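The structure under discussion appears below in the form of structure tokens.
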Protein chains: 2
Amino acid sequence: MIEPSGRRERKKAATRQKIADTALSLFLERGYDAVGIREVAAEADVAVTTVFAHFASKEALVFERDQDFEERLTRAVTGRPAHEPLIAALHREVRALVRHCTAEGSAPVRRMIEGSPALREYEESMGLRHAQALAAALAADPHLSRSTTACRATARFAIDAYALACRADDPGATVDEVFRMIEAAWEATAP
Amino acid sequence: MIEPSGRRERKKAATRQKIADTALSLFLERGYDAVGIREVAAEADVAVTTVFAHFASKEALVFERDQDFEERLTRAVTGRPAHEPLIAALHREVRALVRHCTAEGSAPVRRMIEGSPALREYEESMGLRHAQALAAALAADPHLSRSTTACRATARFAIDAYALACRADDPGATVDEVFRMIEAAWEATAP
DNA sequence: TTGTGAAATCCTAACGGTTAGGGCTACCTT
DNA sequence: AAGGTAGCCCTAACCGTTAGGATTTCACAA
């Protein structure tokens with residue numbers, strides 16, 4: 001449990017970042033399917049096994065920030081101001097996440113994801129994991145005495161809102177509309 | 001566009017069924033990951049390429065009835081009695097589907113699915129496809145003048161209900177509870 | 001009946017993601 | 001300064017999947 005202090009950690013992080021950057025730029029340049037793992041490794045000047053030491057799969061190279069996403073989502077619940085209603089906090093955070101993923105610079109990445117079934121599928125299954133984490137956060141909140149089922153359903157609904165909005169013509173409006181539905185669903189579970 | 005009359009169709013269906021049956025029984029016997037496609041093919045006495053002529057992937061061998069599922073779901077909407085409210089019809093159908101998948105004999109299959117990340121992921125992405133089909137059916141219903149977003153969200157919520165219920169301790173109660181939420185969400189979108 | 005086209009199947013070889021095995025080097029700790 | 005180990009490397013392989021092209025089997029019409 002000791003925190004190793006320095007160079008090794010930095011080098012590891014640098015290697016990871018270099019792999020992710022190299023991969024993304026190759027993917028964007030020539031297409032996700034057209035670039036192989038062996039090629040990514042060669043271009044990043046590491047061994048294939050090193051790539052898989054840092055990323056669990058080829059798809060994971062594209063969703064480097066996965067971890068952040070989940071943390072932001074759960075923190076939006078656990079760390080919200082004492083008086084703020086749950087759904088409002090969730091709504092705000094999901095809106096921010098959607099803005100992030102529909103921002104100017106993200107368009108080519110989004111196009112790439114939509115263009116590859118493997119990536120779409122992977123993104124969905126990430127959403128699943130995030131929904132589970134969120135459901136756990138909801139269930140742990142002492143201010144919300146709701147059933148496990150209500151927590152799980154609400155968590156999935158929130159992820160649905162995100163997924164729908166990222167692909168919608170008007171992402172902002174979509175988030176708002178779906179959250180009006182979620183609000184009603186949540187109210188319906190009040191004890 | 002001619003309907004070929006008989007033997008060829010029957011033989012093809014028989015081959016398909018034999019492959020699916022062989023695969024499922026091998027998977028249940030020795031574990032999904034421990035059985036390779038080459039082995040399934042050998043045991044079913046067909047070529048590997050024939051397996052893939054009938055099933056798009058190894059996972060698809062397990063979800064043979066995929067097509068039925070989607071049809072039942074959309075038909076529950078498009079074919080409901082003229083007076084029956086949408087959510088009630090959906091609720092009824094999802095409850096039936098859940099009962100089907102939590103029935104006595106399905107337990108080993110469920111266990112196998114839950115035990116393999118690849119299968120869980122595949123099932124989720126099937127759900128996605130079904131949600132899209134369902135959303136299209138909702139959008140096409142002339143009696144429900146709701147926004148595209150409302151239709152898409154409701155479709156995903158319904159699939160969520162199914163997914164949650166299949167894994168819940170009390171599947172029936174879970175379906176009912178989540179559908180109370182969906183009902184409220186749907187009402188909130190009334191024009 | 002037989003010839004013809006097409007569908008279903010087969011075989012082989014390969015491709016691409018992924019992992020096991022085992023070894024080397026550089027860093028951290030003591 | 002020495003030992004231990006984390007991070008990295010190489011090679012060879014496994015497994016799902018597909019391309020290519022040959023072969024069989026059936027449906028249908030001449």
Side-chain angles (χ1 to χ4, degrees), chain A residues 1-20 22-24 26-27 30-64 112 116-123 125, chain B residues 1-20 22-24 26-27 30-64 112 116-123 125:
Chain A
M1 286 302 125
I2 6 152
E3 269 302 296
S5 63
R7 188 167 312 174
R8 197 171 250 176
E9 259 189 343
R10 264 181 297 116
K11 285 198 175 181
K12 180 172 179 177
T15 301
R16 185 195 149 94
Q17 200 57 46
K18 180 168 188 191
I19 293 170
T22 303
L24 191 58
L26 283 178
F27 291 160
R30 318 221 316 271
Y32 179 77
D33 292 320
V35 178
I37 282 284
R38 289 162 176 92
E39 215 170 333
V40 171
E43 182 78 14
D45 198 27
V46 296
V48 170
T49 43
T50 301
V51 173
F52 285 106
H54 287 275
F55 300 92
S57 67
K58 186 187 182 188
E59 296 93 51
L61 285 166
V62 174
F63 298 97
E64 204 211 335
M112 175 179 76
S116 157
L119 286 176
R120 280 202 306 268
E121 188 164 335
Y122 185 86
E123 190 180 25
S125 93
Chain B
M1 280 302 127
I2 9 153
E3 270 300 300
S5 63
R7 188 168 313 175
R8 194 167 254 180
E9 260 189 342
R10 265 182 297 114
K11 283 199 175 181
K12 182 174 180 177
T15 302
R16 184 193 149 95
Q17 200 56 46
K18 180 168 187 190
I19 294 171
T22 304
L24 191 59
L26 283 178
F27 291 160
R30 319 221 315 272
Y32 178 76
D33 292 320
V35 178
I37 283 284
R38 288 162 176 90
E39 215 169 335
V40 171
E43 182 78 15
D45 198 28
V46 297
V48 169
T49 45
T50 301
V51 173
F52 284 106
H54 287 275
F55 300 91
S57 67
K58 185 185 181 188
E59 295 93 51
L61 285 165
V62 174
F63 299 97
E64 205 211 334
M112 175 180 74
S116 156
L119 288 176
R120 280 202 306 267
E121 189 165 333
Y122 184 86
E123 190 180 26
S125 90

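Computed from a predicted structure; not experimentally measured. Quick note on labels: first sequence line is chain A, next is B, and so on, each numbered from 1. Below, each value reflects all heavy atoms present in this structure, side chains not excepted, and no hydrogens, waters or symmetry copies.
- Here the closest heavy-atom approach between residue Leu26(A) and residue Val40(A) is recorded as CD1-CA, 4.0 Å.
- Between Lys12(A) and His54(A) there is a side-chain heavy-atom pair separated by less than 4.5 Å.
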Audit row: Glu121(A), Glu59(A), side chain to side chain contact (heavy atoms under 4.5 Å, CB included) steps and yes/no: CA-CA 10 Å; Glu121(A) 188 164 335; Glu59(A) 296 93 51; over 6 Å; no
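- Residues from residues 10-19 of chain A with heavy atoms under 4.0 angstrom of DNA chain D, sorted by number: Lys12(A), Thr15(A).
- Under a 3.5 Å cut-off, the side chain of Lys18(B) and the backbone N or O of Asp45(B) do not form any donor-acceptor pair.
- Summarising the geometry of Leu61(B) relative to Ala23(B), their closest heavy-atom pair is CD1-CB, 4.0 Å, with the distance given to 0.1 Å.
- Arg8(A) places its CZ atom 9 Å from the P atom of dT29(C), with the value rounded to the nearest Å.
- Judged by the 6.0 Å distance and 45° axis criteria, Lys58(B) is not positioned over the aromatic ring of Tyr122(B).
- In this structure, CD of Glu9(A) is placed 15 Å from C1' of dA26(C), rounded to the nearest angstrom.
- Counting all heavy atoms, side chain and backbone alike, Ser57(B) lies closest to Phe52(B) at CA-CE2, 4.0 Å.
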Contacts under 3.5 Å, N or O only, protein and nucleotides 15-21 of chain D:
unit_1	atom_1	unit_2	atom_2	d
dG16(D)	OP1	Lys58(B)	NZ	2.9
dG16(D)	OP2	Ile37(B)	N	2.9
dG16(D)	N7	Arg38(B)	NH1	3.0
dG16(D)	O6	Arg38(B)	NH2	3.3
dT17(D)	OP2	Lys58(B)	N	2.7
dT17(D)	O4	Arg38(B)	NH2	3.2

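- Contact annotation: His54(A) reaches the phosphate of dC8(D) (side-chain N/O to OP1 or OP2, under 4.0 Å).
- Atom CD of Glu39(B) has more than 12 heavy atoms from other residues, nucleotides or ligands within 6.0 Å.
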